[in-house]
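Okay, so here's the structure we're looking at.
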Amino acid sequence: QVQLVESGGGSVQAGGSLRLSCAASEDIHRKACMAWFRQPPGKERERVAAISREGSVMSYNASVKGRFTISQDNAKNTLYLQMNTLKPADTAVYYCAARYDICITSASMYNYWGQGTQVTVSS
């Protein structure tokens, strides 16, 4: 059973930056699509960014494109999300997720999830 553990959340002011990390219990990055989702209070979970198996293709939600960057360090089995120019609308619980297949947007199709990390952006 793959385990994913997020870290790096916190509270920042608008315009600030945070970097989230997601450590996997085993080397799955070469075999799985890895993604970041977020869930604002009272809203559905949405995919923020994803990186394909082998790390060849990155995809971003339009609301974060140009501000967020997804990356991974295969040697450390760790996924990252660099978040710049944060806005209050980015406030949410952020989750990393994995699926042993191509990247898709539907949260229900991801097999493994982390526990989530809170990101709060104040104006």
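Everything numeric in this text was worked out from a predicted model, so none of it was measured.
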Verdict with supporting geometry, T78 and D73, side chain to side chain donor-acceptor pair (under 3.5 Å):
CA-CA 5 Å; T78 301; D73 185 333; over 6 Å; no
Would you check, one step at a time, whether the test side-chain contact (heavy atoms from CB on, under 4.5 Å) holds for Q39 with E44?
CA-CA 6 Å; Q39 188 164 17; E44 291 187 354; 5.6 Å; no
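In this structure the side chain of S7 reaches within 4.5 angstrom of the side chain of S21, judged on heavy atoms. With a 4.5 Å cut-off on side-chain heavy atoms, M109 and R99 count as touching.
Residues passing the ring-ring contact (aromatic ring centres under 6.0 Å, His included) test with F37 are Y110, W113, sequence neighbours excluded. Residues satisfying the side chain to side chain donor-acceptor pair (under 3.5 Å) criterion with S108, sequence neighbours excluded, are S106.
The environment of K31 atom NZ is dense: over 12 non-hydrogen atoms of other residues, nucleotides or ligands sit within 6.0 angstrom. Environment of CD in Q115: crowded, with over 12 heavy atoms of neighbouring residues, nucleotides or ligands closer than 6.0 Å. With a 6.0 Å radius and a threshold of 12 heavy atoms from other residues, nucleotides or ligands, Q13 has its CD atom at or below the threshold.
For the pair S59 and R47, the tightest heavy-atom approach, listed with the atom from each and the gap, is CB-NH2, 3.4 Å. The nearest pair of heavy atoms linking A14 to P88 is CB-CD, 4.1 Å. Between Q118 and A92, the shortest heavy-atom contact is NE2-O, 3.4 Å.
By the 4.5 Å side-chain criterion applied to Ile, Leu, Val, Met, Phe, Trp and Tyr, W36 is assigned to a cluster that also includes V2, L4, V12, L18, L20, I28, M34, V48, I51, M58, Y60, V64, F68, I70, L79, L81, M83, L86, Y94, Y100, Y112, V119, V121.
If you take SG on C33 and CG on N111, they are separated by 10.5 Å, rounding to the nearest 0.5 Å. Atom-to-atom distance recorded for S17:OG and Q82:CD is 6.0 Å, nearest 0.5 angstrom.
With Y95 as the aromatic partner, R45 meets the cation-pi criteria of under 6.0 angstrom to the ring centre and within 45 degrees of the ring axis.
Residues R38 and E46 are paired through a salt bridge, judged by an N-O separation under 4.0 Å between the basic side chain and the carboxylate.
A distance-only check finds no donor-acceptor pair linking the side chain of T91 to the backbone of T120 [under 3.5 Å]. Within the 3.5 Å criterion, the main-chain N or O of G9 finds a donor-acceptor partner in the side chain of T117.
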